[in-house]
Every structure is written in C-alpha cells, then in structure tokens.
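Everything on this sheet refers to the single structure shown next.
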Amino acid sequence: DQQVKQNSPSLSVQEGRISILNCDYTNSMFDYFLWYKKYPAEGPTFLISISSIKDKNEDGRFTVFLNKSAKHLSLHIVPSQPGDSAVYFCAASAQGGSEKLVFGKGTKLTVNP
Amino acid sequence: NAGVMQNPRHLVRRRGQEARLRCSPMKGHSHVYWYRQLPEEGLKFMVYLQKENIIDESGMPKERFSAEFPKEGPSILRIQQVVRGDSAAYFCASSDSPQRAYGYTFGSGTRLTVV
C-alpha cells in the first residue's frame, strides 16, 4: 500500500524552463512533507519542506505547493539548470510517528542544456 | 565537520553469510535512522535508534535483521543468513534531535549485493 505516490517516473525539461514534480499522498495523518534530491551513488539530500499548516514554501529557485484537500503537493524549480538533473523524492511524516519518513518512488528529472 | 559516514560503500556476500553495515553519525548526533532502497523503489524506513535504545523498529523484517547503536562506536545494521532479496542500497541518516522541518542528513549508503 503506497501512501506516497510519485506517478511520473521521469521528466525532461529544457534549461531555463520550469520543472514541476508532483506527489500525491493518501494518509491524512501526514502533516510534514519534504523533498529530497538524489544523485547516483549518493545519499538523498534535503531540499525543501512544508508543514500542513501552510500551502506554499519558497527557497530560492525551489517552491513547494501543498493542496491538503486534494492530498497533493508539487515542487517547482524555476529556472531549471542542468545541475538539477537528479532523482527527486517526495517524503511525508506524521506527528508522533517517530520522525520516520515515508518516501515515494522518485521522479528522475533531466534538464537539457 | 564530516557528514554521516557509512562503510563499506559496497559489500558482496554469498547467500547464507552475514552482512554488517556500519554508520557513524555526524558529530553530536544521537539519533540514527536506517532506510533500505530496493531497485526501482523509494527508500523504506527500517529502524530508528538513539544511543543504546531502539525507538522504532516497525520497518525491520522480523527475522535475520537486527540493529544497534552502542554508547561508543557506530551504529550497526546486521543481516544474518543473507538471501538474494536482501540486495539493496542501505542508507543511514542522523540528526541531533527529531527535526521534522529539515529532515535529517543521509550518508552515501552501502550497496549490498548477495550472490
């Protein structure tokens, strides 16, 4: 039973354009959502997070939007750069859940020069 | 300040052997998490430990797997009598306190191959 779903295994965009990565969740108890970036042969690196009390969080080129009623969040990268090419994982945690994260399967982003 | 250190980076074991994966958390971090990533899958939580205590092992298989985080030394994930299905990347993460807003810092992982 996948509680966090990333339905697009891959995404390809042109340098300078916007990248939009999507994530859906099913567990209503999730109240913190995070995005991680992962390069091959490395561990995931924290990118940005959002609390369920907010609907938007911005950090430089990265913005995460949360739609609680739809149980959907998205990561926007503007402008996209070739160095952004990586696998992006959406993750969620529930209060009282020992801080463990539930990950999606990831979306491989390729930014073409 | 070194990050989370995992060793070995690659480990090959024959079926039936034991695998020991080590994780040294960042300096000052007393919370350690282990995750497993099977091919084409996301990371799956295995266990959460604080110094000398297992806090949550709800993601650990009931048999053959164990974890410890002693007062001194690294955290160890031990897999006894490995099978081909144990082949995966095992990631360790650490934090100085539960930090839900910032996640935690992951190591580069140990890639276990069972032949």
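The chains referred to below are lettered A, B, ... by the order of the sequence lines, with proteins before strands, and numbering in each begins at 1. Bear in mind the structure is a predicted one, so any value in this text is a computation, not a measurement.
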Atom CD of Gln2(A) with >12 non-hydrogen neighbours under 6.0 angstrom: yes
Would you say Arg61(A) has more than 12 foreign heavy atoms packed within less than 6.0 Å of its CZ? yes
So that I know where these two stand, are Phe106(B) and Phe46(A) an aromatic pair - ring centroids less than 6.0 Å apart? no
Do Val13(A) and Ile77(A) belong to the same hydrophobic cluster, where Ile, Leu, Val, Met, Phe, Trp and Tyr are linked whenever their side-chain heavy atoms lie under 4.5 Å apart, directly or via other members? yes
Under 4.5 Å to a heavy atom of chain A? For Thr105(B) that would be neither
Could you tell me whether a side-chain N or O of Tyr35(B) sits under 3.5 Å from a main-chain N or O of Leu101(A), the two making a donor and an acceptor? yes
Heavy-atom closest contact (Gln37(B) atom, Lys38(A) atom, distance): OE1-CE, 3.8 Å
Should Phe69(B) and Met5(B) be counted in the same cluster of Ile, Leu, Val, Met, Phe, Trp and Tyr side chains packed under 4.5 Å apart? no
At a heavy-atom separation under 4.5 Å, does Gln6(B) approach chain A through its side chain, its backbone, both, or neither? neither
Are more than 12 heavy atoms from other residues, nucleotides or ligands located less than 6.0 Å from atom CZ of Arg9(B)? yes
Gap between atom NZ of Lys105(A) and atom CG of Leu43(B) - 0.5 Å precision: 13.0 Å
Got a sec: does the NZ of Lys54(A) have more than 12 other heavy atoms crowding it under 6.0 Å? no
Hey, are the side chains of Val102(A) and Phe45(B) touching, using non-hydrogen atoms and a 4.5 Å cut-off? no
In this structure, NZ of Lys100(A) is separated from CE of Met46(B) (nearest 0.5 Å) by 13.0 Å
Segment of Tyr36(A) engaging chain B (4.5 angstrom heavy-atom cut-off): side chain
Has Lys44(B) got more than 12 heavy atoms of other residues, nucleotides or ligands less than 6.0 Å from its NZ? yes
